[in-house]
Amino acid sequence: MVKVGIDLGSRTIKLVALKQGAISFHTVVESSFEPHRQALAFLEQHVPVRAVATGYGRHLVQQHAEVDVITEIKAHAMGARYFFPQCRTILDVGGQDSKVISLTAEGKVQNFQMNDKCAAGTGRFLEMMAVSLGYTMAEFGAAAAGVEQATPINSMCAVFAESEVVSLKNSGMPPAEIARAVHLAVANRLATMVRKVGYGDHLVFSGGVANSPIMVSLLAQELGVPVLVPDHPSIVGALWAALQAELLHHRDSPAA
Amino acid sequence: MSAFEVKSDPQLWEKLGMDVARFTGMPAMLTQAYTNIFLAQQNRPAKMAYFDGMVENIHTGRIHELMEAKEAGKPVIGTFCVYIPEEVVVAAGGVCVGLCGGAQGSIADAEKVLPRNICPMVKSAFGFKVGKICPYFQAVDFVYGETTCDAKKKTWELLDEYVPTHVMEIPQMKRDKDKALWLDEVKEFKVAVDKITGTETGFDELSQAIVTINAKRKALQRLNNLRHHNPSPISGKDMLLIEQIAFYDEPNRFVENVNALCDELEERIKQGIAVAPASTPRIMVSGTPMALPNWKLHNIIETSGGIVVNEESCIGTRYYKDLIDEGSTTLEQQLERLTERYMKIDCSCFTPNTERIDQVLKEYEQSGAEGIIDYCLQFCHTYNIEAVKLRKACEERGIPFMAIESDYSPDDVGQLKTRVEAFIEQIKG
């Protein structure tokens, strides 16, 4: 039996399938207008299946299919722990939300913080800023990594930051410097959240934004500890959901 | 159950000078929301029927009663705060009513005048008045305002242009000179109330009023103690509703019905009838008030697998935890003891305010809660900052704690649901 984990995020859907406890398939796709249909289609391809859903759309999937749900907070925390068993602090930055989770030594969620209703400091914010500078996401990160110079950006509201970027552009500042400034501002904000929750001698970074090498290095610099990123940071939550499906399967049918 | 319907009375509303065309849709919206949020609950106590009735009559029956009081020359005073010495109003034969201020719908009206970045409660309330869409606002002789926060005290100056607004200065410390100031303010308030009746209320009337309002607070204390039983015989949503109704119902009738409900809950506890299994994670909510119909957080918690077992809030224990000593022998002494009682309110407008931290911890123990969600209305700085101390106190004791900041709009419900569910997962371990 295939065990499936689905993470329906605000921007993308992450799918992980496990066979005999090993990842047999994983993917990240842009979420459509009706994200649960993508999830349902995937489930149909993998019958018989035991599945767990997480992320914003978890309850929607549950209304249409036999799945259990867990929150993305627990999924990312436990998923990070799967990759890094000593991990005590996880930063997950997705499309819409950023969260910091602290774990006990035994791996239980001790505390967490999530950004308030504001997209600044998330993947969506970086995307908007890249668009206003005419960059793709890859170019945006590379540009920021390629310069030392950066004028601080003050606005951490996505809408205000965009107008700040527009005025910097019109003052003649090179786009790469603005790109660096935006990355620094996000790194600052994320580091503040991490400090609020508290962290030890390293930090595990998951979610789509962890794919950006410049964000990883700015965070490590800011916090003064190594920032560890799993091989596929986007699928950390979906992977844990799949492992959870495995666990539930064994609990419900111990003979199998 | 399908018979539930918030009633309409366009003629009455017309008489009150309301925007009737605009208001006509309101009862249907409230009917819908109430049906989904309250009537959909499983295994509610039968005596909740009275409180359902209060909601059905919220724009009609209760308003008729207020108008009758007014026609008899009795004061009808609108309020937003637990600092109003309602005994003084009741002593004058009058009525105290909590005003509308818990809905998103009136905020656009307010933002035509007020800045956007102030608390949703102040904006909502102001919008209800300027939009003429709250029958209570239309019925009051004057609004009692206070100086508990910057947004309120400055909004009263603007509100006064639409409805007479009597502002009392609430001190921000609890020294003797602050208590003396507050006693003066209470005396001035009494003069303002007596002016409406044209007679001066004396010792006997105030004695009776103190007994009446004490009885209301005792009934709420009794109810709160019963709901602390595990498994809970009543939902947190129903409790919140009763706490909200406490601000606008006739006190004697309210007491009778709360006590009848308590009798039923005692019976339910004996028989082991509950609204959720004993294993349901028990959440205590602390923080800023939830004016009717702000049921957002309670609804999220109770549809995410938790149950709310206490409200450390102005709409909650802060309103009823303290009684007034009934043993006074002179009017002056009555007013002093009344003031003493009101000075025990641990609103975050006070500094220092360690009493509140102690109170939260005490209520956490008493309610058998397993975690605290500190609720803060957006831009309510005093509570928001005080959450820092509260978090520290909870962390030191290993109490699961989560602070959230929100408003009345539905746009963060998805995120809040994730946070609340994660908090419940955290409690379950």
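Computation of the quantities below employed the complete heavy-atom set of this structure, encompassing side-chain atoms and omitting hydrogens, waters and symmetry-equivalent molecules. These figures come from a predicted structure and were not determined experimentally. Chain letters run A, B, ... following the sequence lines, proteins first, then strands; residues in each count from 1.
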Inset, instruction - For chain B, find which of A:His59, A:Gln96, A:Gln113 contributes the most heavy-atom pairs closer than 4.5 angstrom. - result: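 Sorted descending by pairs with chain B, the first entry is A:His59.
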Legend entry - Heavy-atom contacts under 4.5 Å, residues 409-429 of chain B to chain A: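 Under the 4.5 Å heavy-atom cut-off, B:Ser409, B:Asp411, B:Asp412, B:Gly414, B:Gln415, B:Lys417, B:Thr418, B:Arg419, B:Glu421, B:Ala422, B:Phe423, B:Glu425, B:Gln426, B:Gly429 qualify.
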Legend entry - Residue pairs passing the side chain to side chain donor-acceptor pair (under 3.5 Å) test where at least one lies in residues 114-127 of chain B, sequence neighbours excluded: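 Checked against side chain to side chain donor-acceptor pair (under 3.5 Å) - neighbours excluded - the pairs reaching residues 114-127 of chain B are B:Ser106-B:Ser124, B:Glu111-B:Lys123.
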Legend entry - Inter-chain contacts: residues 77-93 of chain A against chain B, heavy atoms under 4.5 Å: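 Near chain B, by residue number: none.
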Legend entry - Part of residues 64-74 of chain A lying next to chain B, heavy-atom separation under 4.5 Å: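 When heavy atoms of chain B are the reference, residues 64-74 of chain A contributes A:Ile70, A:Thr71, A:Glu72, A:Ile73, A:Lys74 within the under-4.5 Å range.
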